[in-house]
Amino acid sequence: MAGSKTYYLTTPIYYVNDVPHIGHAYTTLACDVLARFKRLDGFDVKFLTGTDEHGQKVEKSAQAAGIAPQAFTDKVSQNFRDLVGVMNYSNDDFIRTTEPRHVASVQALWTKLLDAGEIYLGSYAGWYSVRDEAFYGEDELTTTPTGKKIAPTGAECEWVEEPSYFFRLSAWQERLLEFYDKNPDFILPPGKRNEVISFVKSGLKDLSVSRTTFKWGIPVPGDDAHIMYVWLDALTNYITAVGYPDTTGEYAEYWPADLHMVGKDILRFHAVYWPAFLMAAGLQPPKRVFAHGWWTIEGQKMSKSLGNVIAPEQLVTTYGLDQTRYFLLREVPFGNDGDFSHAAMVQRINGNLANDYGNLVQRVLSMINKNCGAQVPQPGPFTEADNRLLGAAHALLPVVRAEIDVQAFHKVLDAIWAVVGDANRYVDEQAPWALKKTDPPRMGTVLYVLAETIRHLAILTQPVMPAASAKILDQLGQGEKVRGFGNLGPAGALTGGTPLPAPQGVFPRFVEEPKA
RNA sequence: GGCAGCGUAGCUCAGUGGUAGAGCAGGGGAAUCAUAAUCCCUUGGUCGGGGGUUCAAAUCCCUCCGCUGCUACCA
């Protein structure tokens, strides 16, 4: 596979000040599924995630904790590194913005932008609230009778000016619009693309890209009074991880990234600032930014004050890992907001997983185990019904591949489940339990067709449910070397006579605990 | 306020000019290989209100109502 098609995808780097919740888990999960899919489909994949560790909030939190910022981030970034294990992510790298490789990369990018005349020293002026430590726009403020300016938070603001470096974002308006126009799939979903375009069309101002009010960040080369704006720092991680400023090696291989997956709240940074920074530095912008939606919990916004923030570990413990992964990607059209509810989760687990898929596997493998000497049966000639079911299974890959390429995970699963339904109907129509008495060879053929269909299903569900799919493939006697998409289709078909282990349930029903 | 989008069966949604759809939930039946799982049939909607264009509108236009998103420097 060396030198073959590559696929580079990234999650945002998560702000270490946050505690990982279902939203973080969701973003990385989507990437994990894409990464696993592309690997199985023969791509040379690089899947990156990491943590954003600079900024004023981190500095303050560290202070409050009475430890140095670096020690603080070492500690809290562990929460996100632990999430990798909890959710069974397959990332190839985990970047931290406090790593030397990243500092070097950001400073190199800065220098490049400065040399290109894209960054200049000016001064940033605005209404600043000392209490909130934030600037406010003129239109956000109310004026008291005595002429004082009051922020929405009620804090008094004062006019301050401080030196700041600016990025000439205003100069990139037209080139960005042209870029969006020439790359209609750069921003997905399409509704979000329209928002970005209308934002850019409304006019861009130069962007303040340095700060002097706090210290925890990457110093501006040659001017230690300034540290870099967190987004310039953070976004650059995507090229740091492929070796920038070295543009040979991995950079040449993987850049531009195929996909930046982001939550809708940070779309602008990725779809406006980032391509502008890159183009200004003479580098290629990424191929796509996908902005996904947010989860509500039982119909309510997730918030600390409501106390309904769900930790990923909690979901995994309660419902199971692959069940959780399945639910998050099946329940909601990817890109939309969605609601997480216990009832919906149980519905998915028991309906789709236990009853439809799990029971299909169980009923077929049990019959084979009991009636075919625990071996893959030897098939006879295929009937039209046999070929129809096998044909549906064979036809899945191109469909699923097309949906994956537009991040339509729900449609991927819909398509796979359509074949699960076909297979269950086929079992009932063929009634192998009756054939057992009337036509045992035909029973063998029917069970073979089913086993072969299940092989396809399990290979294709691997990206979403790696562990459960592996269990099914184990039970079909399919070793790890024959689980790639290259083995789909008749060429990789099961061989009659292959001994099979005793079947075990893969997706147990979710049974409610009796209320104490 | 401006711009954009949405409002279709009890629930979640698909359907963008040609006889109203899916999944789940509800009702009835079949089967008994299987995790009491499966399969078949079925109830249910004047497609937010009103007006217009058209032989024909959920689909196009106007208007009203309701909801949502975006409207830059905390990330």
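Basis for what follows: all heavy atoms, side chains included, without hydrogens, waters or symmetry-related copies. Since the structure is predicted, the reported quantities are computational estimates derived from the model, not experimental observations. Labels below follow one simple rule: chain letters A, B, ... track the order of the sequence lines, proteins then strands, and each chain is numbered from 1.
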Can you tell me, in whole Å, how much space there is between the P of B:U68 and that of B:U8?
15 Å
Would you mind telling me which of B:A75, B:A72, B:C39 lies closest to the side-chain atoms of A:Leu204?
B:A72
Which part of the nucleic acid, if any, lies within contact of A:Val506, taking any heavy atom under 4.0 Å across all strands shown: a base, the sugar-phosphate backbone alone, or nothing?
base
If only side-chain N and O atoms count, and only distance matters, is there a donor-acceptor pair under 3.5 Å linking A:Asn237 with A:Arg96?
no
Where along residues 13-27 of chain A does a heavy atom fall under 4.0 Å from RNA chain B?
A:Tyr15
Re B:U53: Watson-Crick or G-U wobble partner, both distances kept under 3.5 Å, found to be none
What are the atom names and distances for every N/O pair under 3.5 Å that joins the protein to nucleotides 28-33 of chain B?
unit_1	atom_1	unit_2	atom_2	d
B:C33	O2	A:Arg363	NE	3.1
B:C33	N3	A:Arg363	NE	3.4
B:C33	N3	A:Arg363	NH2	2.6
B:C33	N4	A:Arg363	NH2	3.1

Are A:Tyr165 and A:His226 close enough that their ring centers fall under 6.0 Å?
yes
Count the heavy atoms belonging to other residues, nucleotides or ligands that lie under 6.0 Å from NZ of A:Lys264, then report whether that count exceeds 12.
yes
Side chains of A:Gln430 and A:Arg442, donor plus acceptor under 3.5 Å:
yes
Main-chain N/O of A:Tyr124 paired to A:Ser164 side chain as donor or acceptor, under 3.5 Å
no
Assign a letter to each nucleotide of nucleotides 1-6 of chain B from its 5' end: B, base within under 4.0 Å of a protein heavy atom; S, sugar-phosphate only; -, no contact.
------
On RNA chain B, compare the nucleotides closest to A:Trp231 and A:Gly351; which residue's is nearer the 5' end?
A:Gly351
Would you kindly say whether A:Tyr238 and A:His270 are connected by a side-chain donor-acceptor distance under 3.5 Å?
yes
Any-strand Watson-Crick or G-U partner of B:U38, both distances under 3.5 Å
B:A30
Judged by nearest nucleotide, the residue sitting upstream toward the 5' end of RNA chain B, A:Glu195 or A:Pro333, is A:Pro333
What is the pairing partner of B:G7, taking Watson-Crick or G-U wobble pairs with both distances under 3.5 Å in any strand?
B:C65
Side-chain donor-acceptor pair present, A:Asp74, A:Gln70, cut-off under 3.5 Å:
yes
Return the value, rounded to whole Å, for the distance between atom CG of A:Asn369 and atom P of B:A34.
11 Å
Side-chain-base donor-acceptor pair under 3.5 Å for A:Asn355 and B:A37
no
C1' atom, B:G50 versus B:U43: distance in rounded Å?
31 Å
N/O to N/O distances under 3.5 Å, protein versus nucleotides 21-24 of chain B:
unit_1	atom_1	unit_2	atom_2	d
B:C24	O2'	A:Gln347	NE2	2.5

With no hydrogens and no angle check, do the side chains of A:Asn336 and A:His292 hold a donor and an acceptor under 3.5 Å apart?
no
Between B:C62 and B:C67, how many Å separate the two P atoms, rounded to a whole number?
22 Å
Pairwise side-chain contact, A:Tyr319 with A:His342, heavy-atom cut-off 4.5 Å (strictly under):
yes
Taking atom C1' in both B:U16 and B:G7, what distance in whole Å separates the two?
15 Å
From CG of A:Asp233 over to C1' of B:C73, roughly how many Å is that when rounded to an integer?
15 Å
The side chain of A:Lys57 lies closest to which of these nucleotides: B:C73, B:U38, B:C74?
B:C74
So, A:His24 versus A:Tyr14, ring centres under 6.0 angstrom or not?
yes
Between A:Phe277 and A:Tyr273, how do the two ring planes meet: parallel, tilted or perpendicular, split at 30° and 60°?
tilted
Within 6.0 Å of NZ in A:Lys75, more than 12 heavy atoms from elsewhere:
no
Would you sort out whether A:Gln323 and A:Arg348 count as a side chain to side chain donor-acceptor pair (under 3.5 Å), showing the intermediate values?
CA-CA 8 Å; A:Gln323 287 85 345; A:Arg348 290 292 180 189; over 6 Å; no
Need one value for A:Asp52: base, sugar-phosphate or nothing, where a base atom within 4.0 Å counts as base even if backbone is also close, heavy atoms only.
sugar-phosphate
Would you mind classifying the nucleic acid contact of A:Arg509 as base, sugar-phosphate or nothing, using non-hydrogen atoms under 4.0 angstrom?
base
Does a donor on one side chain sit under 3.5 Å from an acceptor on the other, for A:Glu118 and A:Trp172?
yes
Gap between atoms CG and C1', on A:Leu365 and B:A37 respectively (whole Å):
15 Å
Could you tell me whether A:Ser202 contacts a base, only the sugar-phosphate backbone, or nothing, with contacts defined as non-hydrogen atoms closer than 4.0 Å?
nothing
In whole angstroms, the gap separating P of B:C73 from CG of A:Leu232 amounts to 18 Å
By a strict heavy-atom criterion of less than 4.0 Å, which residues belonging to residues 274-281 of chain A are in contact with RNA chain B?
none
Going by side-chain contact (heavy atoms from CB on, under 4.5 Å), name the residues that satisfy it together with A:Val420, two or more places apart in sequence or in a different chain.
A:Asp356, A:Tyr357, A:Leu360, A:Trp417, A:Asn424, A:Leu457
Taking CH2 from A:Trp294 and C1' from B:C70, how many angstroms apart are they, rounded to a whole number?
13 Å
Hey, does A:Tyr229 reach any base, or is it just sugar-phosphate, or nothing, if we go heavy atoms under 4.0 Å?
sugar-phosphate
Scan A:Gly203 against the nucleic acid and name what it touches under 4.0 Å (heavy atoms): base, sugar-phosphate only, or nothing.
base
Exam field: side chain A:Asp422 to backbone A:Leu389, donor-acceptor pair closer than 3.5 Å
no
Check the distance between B:C73's C1' and A:Leu207's CG and give it to me in whole angstrom.
6 Å
Does A:Ile266 reach a base, just sugar-phosphate, or nothing at all? Heavy atoms under 4.0 Å.
nothing
In whole Å, measure the gap between the P atoms of B:C64 and B:C3 for me.
13 Å
Short question: side chain of A:Gln475, backbone of A:Gln504 - any donor-acceptor pair under 3.5 Å?
yes
In whole angstrom, give me the gap between the P atoms of B:A22 and B:C40.
12 Å
Between B:G10 and B:A4, how far is it from one C1' atom to the other, in whole Å?
31 Å
Nearest whole Å is fine: how far is B:C70 C1' from A:Phe199 CZ?
10 Å
Tell me which nucleotide, if any, is Watson-Crick or G-U wobble paired with B:G1 when both distances must be under 3.5 Å.
B:U71
Just so I know, are the side chains of A:Thr10 and A:Thr49 near enough to count as touching, which here means a heavy-atom distance under 4.5 Å?
no
Separation of A:Met228 atom CE from B:A75 atom P, in whole Å?
15 Å
Looking at A:Asp337, A:Asp339, A:Asn308, which hits side chain to side chain donor-acceptor pair (under 3.5 Å) with A:Thr296?
A:Asp339
Would you measure the distance from the C1' atom in B:A20 across to the matching atom in B:G44 and give it in whole Å?
13 Å
Side-chain heavy-atom pair A:Ser210, A:Met228 within 4.5 angstrom cut-off
no
